[in-house]
A.B. asks: 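Pasting a structure here, questions to come.
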Amino acid sequence: MSDRPQPPPRPADGHKGMHGRVLIIAGSTGMSGAAALAGLGALRGGAGLVTLAVPDDVVSTVAAVEPSYMVVPSGRGGRVGKPVLTGLKTHFFEPDAIAIGPGLSVHADLTPVVEHIYRYGHVACPVVVDADALNILARSDALPDADGPRLLTPHPGEFSRLTGLSVAEIQSDRERHAKEYAARHGVTVLLKGPGTVITDGDRVAVNETGNAGLGTGGTGDVLTGLLVALLGQGMEPFEAARFGAHLHGLAGDLAAAELSEPGLIASDLPLYIGKAWKVFHDRP
C-alpha cells in the first residue's frame, strides 16, 4: 500500500471536546518518564483532552513535565491498580480512546487491570496496547475477547512473547507474521522496527519514514500517545496506525537532520511532531 496516509479532519470551528478525550494508563516507580512521554505524544497528536492515570507516588513527577495534560492518582505501591477501573466508572471523563502499557511494570497485581481494559475499554472505545501491557497479555494462553477495536504496538521482542515465535523467525517475514496474527485475533498490529509493518489482517502497509535515531528508549511511548490521540479523533485503527507511524517517523527524520541520529532522544520527538504536522500539510 503506497498511497499517502491521511490525518483526521480538524474542523475550523472545533473545540477541545471535539478533538478527542484520551486516557493513558501508564507509569510505575522509576518509569514516570514513560507516562510523561506518552502524554506529550498525545498532546502533539492533536488530542483535545489528555488524562494520565499513574501511580500515586509519581503523580507530582509526571505533572511537573507538562501542564497541558491532567494527571490522576490511580494506584499505590508504585503501580497502577484497581482505582483506575473505579475511575472509569466514576470520576474520569468518558474517554474516546484509551492507551495502556508504557512503563506499567509486569507485576501480577496488574493482570486484572490490563485484562479488564483490554476486554472492555470504556463503552467499546478503541484501546492501544503497548509495552508492559503486551507482556502481561503474553502470559495468557490467548488474547481475551474485546468489546471494541484493539491496536497492538509490539517491537519484535514483545511480538515474540505474544506469538511464541523467535525474533529471528519474525524478522525473516515481518509482514506475514504480523498479518496472520492480526487476522487470527481480530486486531490491528503495528510491528515496530525499520520498515514498521501495519496490518489489520487484511490490509498491509509498511512505513517508510524514520531512521536509526529512533532506536532509543522512550520513542515508542511517544508513538503510543500519538496513536491514542488519532484514535480519539475518530480515526479507525489501521488508518490511525498508518498515519501515526508516518508522522512519528517524519518527526524523527526532522529531529535527526538537526540533532543527528546519535544525538536524538525521545523527549525531542514531541516538539518535532509539531514540526512534522507542518511539513506534512505543506507537502503536496
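Sequential numbering from 1 along the given sequence is applied to the chain's residues.
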A.B. asks: Minimum heavy-atom separation for Ala266 and Gly218, please, with both atom names.
C.D. replies: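 Ala266 and Gly218 have their closest heavy atoms at CB-C, 3.4 Å.
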A.B. asks: Decide, yes or no, whether a salt bridge links Asp3 with Arg242 under the criterion of side-chain N to carboxylate O below 4.0 Å.
C.D. replies: yes
A.B. asks: Considering all heavy atoms of both residues, which atom of Ala47 and which atom of Val22 are nearest to each other, and what is their separation?
C.D. replies: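 Smallest heavy-atom distance, with atoms named: CB-CG2, 4.1 Å.
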A.B. asks: Given 3.5 Å as the limit, does a donor-acceptor pair link the side chain of Gln233 with the main chain of Met18, or not?
C.D. replies: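 No, Gln233 side chain to Met18 backbone: no donor-acceptor pair under 3.5 Å.
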A.B. asks: So, do Ile98 and Ile117 sit near enough that their side-chain heavy atoms are less than 4.5 Å apart?
C.D. replies: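 They are in contact (side-chain heavy atoms under 4.5 Å apart), so the answer is yes.
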A.B. asks: Could you check whether any side-chain heavy atom of Thr153 comes within less than 4.5 Å of a side-chain heavy atom of Thr224, counting everything from C-beta outward?
C.D. replies: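 Yes, close enough: below the 4.5 Å cut-off.
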A.B. asks: Looking at Asp200, Leu227, Ile198, which one forms a side chain to side chain contact (heavy atoms under 4.5 Å, CB included) with Leu151?
C.D. replies: Leu227
A.B. asks: Could you check whether Arg203 pairs with Glu239 (Lys NZ or Arg NE/NH1/NH2 to Asp/Glu carboxylate O, under 4.0 Å)?
C.D. replies: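 Counted as a salt bridge, because a side-chain N and a carboxylate O are separated by less than 4.0 Å.
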A.B. asks: Tell me every residue that passes ring-ring contact (aromatic ring centres under 6.0 Å, His included) with Tyr181, counting only those two or more places apart in sequence or in another chain.
C.D. replies: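 Here the qualifying residues are Phe159, His185.
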A.B. asks: Could you see if Leu254 belongs to whatever hydrophobic cluster contains Leu259? Use Ile, Leu, Val, Met, Phe, Trp, Tyr and a side-chain cutoff under 4.5 Å.
C.D. replies: yes
A.B. asks: Can you tell if the side chain of Val106 reaches within under 4.5 Å of the side chain of Arg139, non-hydrogen atoms only?
C.D. replies: yes
A.B. asks: Looking at Glu180 and Arg176, is any side-chain nitrogen of the basic one under 4.0 Å from a carboxylate oxygen of the acidic one?
C.D. replies: yes
A.B. asks: At their closest point, which heavy atom of His281 faces which heavy atom of Pro7, and how far apart are they?
C.D. replies: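 Heavy-atom minimum between the residues: CE1-CG, 4.0 Å.
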A.B. asks: Any idea which heavy atoms bring Ala26 and Val80 closest together, and the distance?
C.D. replies: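 That closest heavy-atom pairing would be O-CG2, 3.8 Å.
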A.B. asks: Keeping Asp56 on the side-chain end and Gly75 on the backbone end, is there a donor-acceptor pair under 3.5 Å?
C.D. replies: yes
A.B. asks: CD of Glu115 to CD1 of Ile136: how many Å apart, nearest 0.5 Å?
C.D. replies: 9.0 Å
A.B. asks: Listed by chain and number, what are the side chain to side chain donor-acceptor pair (under 3.5 Å) partners of Thr209, not counting sequence neighbours?
C.D. replies: Asn207
A.B. asks: For residues Leu191 and Ile170, determine if any side-chain heavy atom of one lies less than 4.5 Å from a side-chain heavy atom of the other.
C.D. replies: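 Yes; the side chains approach each other to less than 4.5 Å.
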A.B. asks: Is any side-chain heavy atom of Asn135 closer than 4.5 Å to one of Leu104?
C.D. replies: no
A.B. asks: Quick one: side-chain hydrogen bond (donor to acceptor under 3.5 Å, both in side chains) pairs with a partner in residues 257-266, sequence neighbours left out?
C.D. replies: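 As it turns out, the side-chain hydrogen bond (donor to acceptor under 3.5 Å, both in side chains) pairs with a partner in residues 257-266, which skip direct neighbours, are Glu258-Tyr272.
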A.B. asks: Heavy-atom count around Arg10 CZ within 6.0 Å, excluding the residue itself: above 12?
C.D. replies: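 Yes, enclosed.
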A.B. asks: Quick test of your reading of the model: are Arg119 and Asp147 salt-bridged, counting only N-O distances below 4.0 Å?
C.D. replies: no
A.B. asks: Going by atom types only, do Glu169 and Ser166 share a side-chain donor-acceptor pair under 3.5 Å?
C.D. replies: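 Yes - a donor-acceptor pair under 3.5 Å links their side chains.
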A.B. asks: Please give me the minimum heavy-atom distance between Leu231 and Ala240, naming the atom from each residue.
C.D. replies: CD2-CB, 3.8 Å
A.B. asks: Check whether any side-chain N or O of His107 sits under 3.5 Å from a backbone N or O of Leu110 as a donor-acceptor pair, and report yes or no.
C.D. replies: no
A.B. asks: Report the distance from atom OG1 of Thr111 to atom CG of Leu137, rounding to the nearest 0.5 Å.
C.D. replies: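 Thr111 atom OG1 to Leu137 atom CG measures 8.5 Å (nearest 0.5 Å).
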A.B. asks: Keeping the roles fixed (side chain from His248, backbone from Gly210), state whether a donor-acceptor pair exists under 3.5 Å.
C.D. replies: no
A.B. asks: Are the side chains of Arg283 and Leu250 in contact, using a 4.5 Å heavy-atom criterion?
C.D. replies: yes
A.B. asks: Going through the checks in order, is the side chain to side chain contact (heavy atoms under 4.5 Å, CB included) test met by Asp57 and Thr29?
C.D. replies: CA-CA 7 Å; Asp57 62 357; Thr29 299; 3.0 Å; yes
A.B. asks: One thing to verify: whether Lys192 and Asp130 come together as a salt bridge, which I'm taking to mean a side-chain N less than 4.0 angstrom from a carboxylate O.
C.D. replies: yes
A.B. asks: Does the side chain of Leu247 come within less than 4.5 Å of Ile273's, by heavy atoms?
C.D. replies: yes
A.B. asks: Should Thr219 and Leu269 be marked as a side chain to side chain contact (heavy atoms under 4.5 Å, CB included) after you check the CA-CA gap, both sets of side-chain angles, and the distance that decides it?
C.D. replies: CA-CA 7 Å; Thr219 59; Leu269 280 181; 3.7 Å; yes
A.B. asks: Are any non-hydrogen side-chain atoms of Met235 and Gln6 less than 4.5 angstrom apart?
C.D. replies: no
A.B. asks: Checking the side chain of Ser32 only, and the main-chain atoms of Thr61 only, is there a donor and an acceptor separated by less than 3.5 Å?
C.D. replies: no
A.B. asks: Please name the pair of heavy atoms, one in Met31 and one in Gly103, separated by the smallest distance, quoted to 0.1 Å.
C.D. replies: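 Scanning both residues completely, I find the closest heavy atoms to be CB-O, 3.6 Å.
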